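Working notes, beginning with the structure itself.
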Amino acid sequence: MTATLEATAPADTKPRMIFGAEAALQALDAAMGEDPTVLLFGEDLADREGGGVMGASKGLSTKYGDLRVRSTPISEQAIMGAAVGAAIAGMRPVAEIMLMNFLTVCMDQIVNHAAKIRFMSGGQTSCPLTIRTMTGVGAGLGGQHSDMLEAWFAHVPGLKVVVPSNHADWTGLLHESIMDDNPVLFVESTLMMRAKGAAAPIGHRLPLGKANVARTGSDVSVIGYGRPINDALAIAEKLSGEGVSVEVIDLRTVAPWDKEAVLTSVAKTGRAVIVHEAVRNFGCGGEIAATIGEELFGQLKAPIRRVGSRNTPVPVSPVLEKAFAWSQSDIEAAIRSTLN
Amino acid sequence: MTSPRTSNAPDGDTLVEIYRRAQLIRHCGEQFLKTIRAGRIQAPYYSPRGQEVLAAATMVTLAADDYVVTIYRGLHDQLAKGVPLKELWAEYAGKASGSCKGKGGPMHITHPASGVVVTTGVVGSGIPIANGLALASQVNGDGKIALTSFGDGATNIGAFHEALNLASVWKLPVIFLCQNNLYAEHTSFANGTGCENIAMRAASYGMPGVQVNGNDAVAMYRAAADAVARARAGEGPTLIEARTFRFEGHILGDDSHYIPKEEMAAAIAADPVPALRRQIVAAGYATDEALDAIEDRIVADVAEALAYAIAEPYPDVAELGRDVLDVEIVP
Ligand SMILES: Cc1ncc(C[n+]2csc(CCOP(=O)(O)OP(=O)(O)O)c2C)c(N)n1
Ligand SMILES: [Mg+2]
């Protein structure tokens with residue numbers, strides 16, 4: 001699987017099927033072409049080093065030059081610090097931290113600097129940077145290469161967190177993230193990198209902070225983001241055969257999340273199931289559930305259910321990995337429990 | 001480890017300007033101490049007393065729009081780079097008219113118009129950020145350079161090493177200024193640092209490392225000017241280790257009990273601010289009367305800034321929801 005800088009099919013024809021890396025590449029290319037202040041850096045991402053471990057930046061250093069697209073040493077603090085500084089100086093850097101677990105080694109720059117620079121300077125400076133990172137269970141990569149840590153970052157005021165659930169959204173949301181005037185953590189799925197999906201039309205951009213009603217329904221709302229949205233859609237389709245009408249809300253942006261869309265949906269259905277890939281304990285689902293409880297207590301027809309992965313490090317053995325991860329049957333069981 | 005000094009010594013007017021800035025720092029710091037001790041302002045205070053000449057002689061070598069990234073002990077760098085007194089004082093006091101609207105405080109003084117774009121309270125964290133500022137200049141070709149100032153203790157943090165390496169690989173127009181005051185909180189340089197001096201650390205990253213007496217205005221000026229010239233010429237980064245000392249402990253309330261009495265006494269006896277004054281007068285660059293007039297002006301300016309900071313209103317609570325993101329939020 002390698003990404004290439006091919007032209008994307010126009011919107012009126014059948015969408016091209018592309019790998020996830022290409023969904024990212026399409027947005028990076030568009031943003032760089034549109035705005036000369038967009039810079040890219042991270043490990044191995046220039047063409048000399050192969051254009052990124054997933055090929056998500058293939059061709060960009062050749063097209064936009066070595067000043068704007070740079071491979072870095074393995075120095076996450078230096079990468080993130082450079083992104084913060086460049087952003088303060090008016091650039092739109094996109095820093096790639098290869099895997100989400102490696103964000104732990106540059107948390108200081110993200111949490112103490114990128115997130116707070118605007119506030120602590122009284123708005124004199126800002127940090128319009130994007131952090132691209134990759135993670136997810138299912139690739140057999142184990143405890144240090146698979147964690148979904150988005151809740152940590154969603155808990156930090158000043159950061160935006162985006163987790164796309166499909167390839168077209170990936171392109172549209174990444175492009176928007178780069179052009180956003182706030183620091184954005186953009187979480188990509190390792191598994192989706194290696195899977196094909198429908199490409200976005202050229203110039204596709206999706207607003208941050210706005211959820212997508214991926215399927216409309218009237219009996220129960222399933223709310224989530226990232227890969228499990230696809231499982232929720234599959235279960236919704238299955239249950240429709242039994243006359244159960246499931247609405248699926250894809251948040252797209254985890255922070256700030258689209259409260260209004262969620263509350264509107266749950267006010268209509270009276271039932272809520274929240275699903276994410278991250279471990280359930282202290283996950284973003286807790287915040288969403290609490291908000292629904294606070295705002296719609298009297299209108300709920302059933303307890304709110306949460307689906308997530310188990311409370312353990314990500315295991316490697318396929319048997320354990322499967323037992324660890326959220327599943328379609330977890331989602332189905334949660335939905336059914338709200339209907340009883 | 002030194003590299004050849006090529007810059008000229010500062011002329012008389014420049015030395016007088018260095019003295020003016022050093023004296024401004026000294027007096028302003030004195031007034032902060034008094035005001036905070038008296039409970040009129042509540043703020044943590046990391047005194048730069050003893051390090052004034054170092055900052056003043058360095059900052060005169062920079063252009064107004066060059067970037068400076070400094071630390072909690074940053075009053076000297078900020079004033080030497082030109083942060084205006086009133087905004088600075090009001091920010092220490094947490095007032096709405098502070099440079100950061102009272103949201104940053106002494107540890108996060110920011111004033112882009114004078115080039116001070118980051119002040120950080122996390123040891124070592126400003127160093128990689130300076131690279132990013134320098135990177136932006138390199139991409140823009142605007143000729144600006146970045147200087148990041150930090151202590152001896154900060155050179156034991158990973159970020160320092162990552163940042164120096166990256167700056168060298170990318171030949172960034174950045175200056176790493178280590179103000180080695182021989183203590184990191186209560187830990188002496190010898191007890192916390194495994195090498196003989198900081199300048200030698202530059203060798204690991206393939207950049208010049210220069211050791212200089214930071215309290216000597218002429219030597220400091222020349223070392224800084226050399227690094228500025230290198231950065232502007234696109235020749236890459238420089239590490240400067242400027243030896244100095246701090247007279248008033250790590251933070252207000254610290255009695256320096258961990259510093260041998262003789263060491264402190266010797267440092268104070270060699271106080272760089274009056275030493276520079278004597279040097280200027282002896283060389284005939286300015287008369288005592290002229291320097292007194294400069295000091296009178298400083299005293300008046302600081303008094304005015306202090307009164308302003310006390311009188312100004314606190315921010316409206318609505319400020320809480322502003323500047324978290326680019327749009328106002330409900331906090
Ligand atoms: C990452 C981090 N660790 C610890 C501290 C607490 N701390 C604040 S200043 C300081 C000493 C730093 O010494 P040095 O770098 O020599 O600078 P100086 O204070 O002497 O100017 C320490 C340990 C901190 N602010 N940040
Ligand atoms: Mg020190």
Side-chain angles (χ1 to χ4, degrees), chain A residues 36-39 41 65-68 70-91 93 95 105-106 108-109 111-129 156-160 180-183 208-209 255-256 259, chain B residues 67 69 91 96 98-105 107-113 117-122 124-142 144 146 148 157-159 161-167 169-170 172 315 319 322-327 329 331:
Chain A
T37 68
V38 177
L39 313 178
F41 38 90
D66 296 338
L67 267 184
R68 291 179 64 195
R70 304 177 180 213
S71 291
T72 64
I74 308 149
S75 305
E76 279 74 11
Q77 294 186 73
I79 294 169
M80 202 52 65
V84 169
I88 290 171
M91 298 285 154
V105 298
C106 54
D108 165 54
Q109 286 298 337
V111 174
N112 294 322
H113 296 88
K116 301 188 172 99
I117 286 281
R118 181 192 291 274
F119 187 84
M120 296 194 311
S121 73
Q124 296 178 96
T125 53
S126 64
C127 229
L129 61 81
V156 178
L159 289 180
K160 291 190 178 184
D180 195 273
D181 286 335
N182 303 284
L208 303 191
K259 230 181 251 187
Chain B
Y67 300 110
V69 176
E91 190 57 34
S99 61
C100 308
K101 303 187 206 162
K103 296 179 181 183
M107 277 200 261
H108 306 298
I109 297 296
T110 309
H111 192 258
V117 285
V118 176
T119 299
T120 185
V122 185
S125 299
I127 309 171
I129 296 176
N131 278 346
L133 297 162
L135 165 66
S137 300
Q138 197 178 54
V139 173
N140 285 334
D142 60 16
K144 289 190 207 179
T148 175
I157 284 233
H161 299 272
E162 290 193 14
L164 263 68
N165 183 60
L166 185 67
V169 170
W170 287 353
L172 294 174
E319 273 303 327
R322 298 187 190 130
D323 306 321
V324 178
L325 295 175
D326 58 334
V327 293
I329 61 156

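Keep in mind that what you see is a predicted model, and the values were worked out from it rather than measured. Letters A, B, ... mirror the listed sequences (proteins, then strands); counts begin at 1.
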By a 4.5 Å heavy-atom criterion (distance strictly below it), what part of [X] contacts chain A: side chain, backbone, both, or neither?
{"X": "V69(B)", "value": "neither"}
{"X": "N165(B)", "value": "side chain"}
{"X": "A159(B)", "value": "both"}

Discussion item. Please report the interatomic distance CD1(I88(A)) to SG(C127(A)), rounded to the nearest 0.5 Å.
Written reply: 5.0 Å

For chain A, which of [options] has the most heavy-atom pairs under 4.5 Å?
{"options": "T120(B), I127(B), V118(B)", "answer": "T120(B)"}
{"options": "V169(B), L325(B), L166(B)", "answer": "L325(B)"}
{"options": "E162(B), M107(B), H111(B)", "answer": "E162(B)"}

Response to the item:
Residue set satisfying side chain to side chain contact (heavy atoms under 4.5 Å, CB included) with P112(B), at least two apart, ordered chain then number -> Q124(A), T125(A), T110(B), V117(B)

Fill in: Interchain contact, K160(A) with chain B, by part (heavy-atom threshold 4.5 Å)
side chain

Fill in: Chi angles and distances behind the side chain to side chain contact (heavy atoms under 4.5 Å, CB included) call for M91(A), L135(B)
CA-CA 10 Å; M91(A) 298 285 154; L135(B) 165 66; over 6 Å; no

Discussion item. Tell me every residue that passes ring pair (Phe, Tyr, Trp, His ring centres under 6.0 Å) with H161(B), counting only those two or more places apart in sequence or in another chain.
Written reply: Y205(B)

Discussion item. On a heavy-atom basis, which atom in L133(B) and which in A146(B) lie closest, and how many Å separate them?
Written reply: CB-CB, 4.1 Å

Response to the item:
In short, S125(B) meets H113(A) closest at the heavy-atom pair CB-CE1, 3.2 Å

Discussion item. Under a 4.5 Å cutoff for heavy-atom pairs, which residue among I79(A), V84(A), D108(A) has the most contacts with chain B?
Written reply: D108(A)

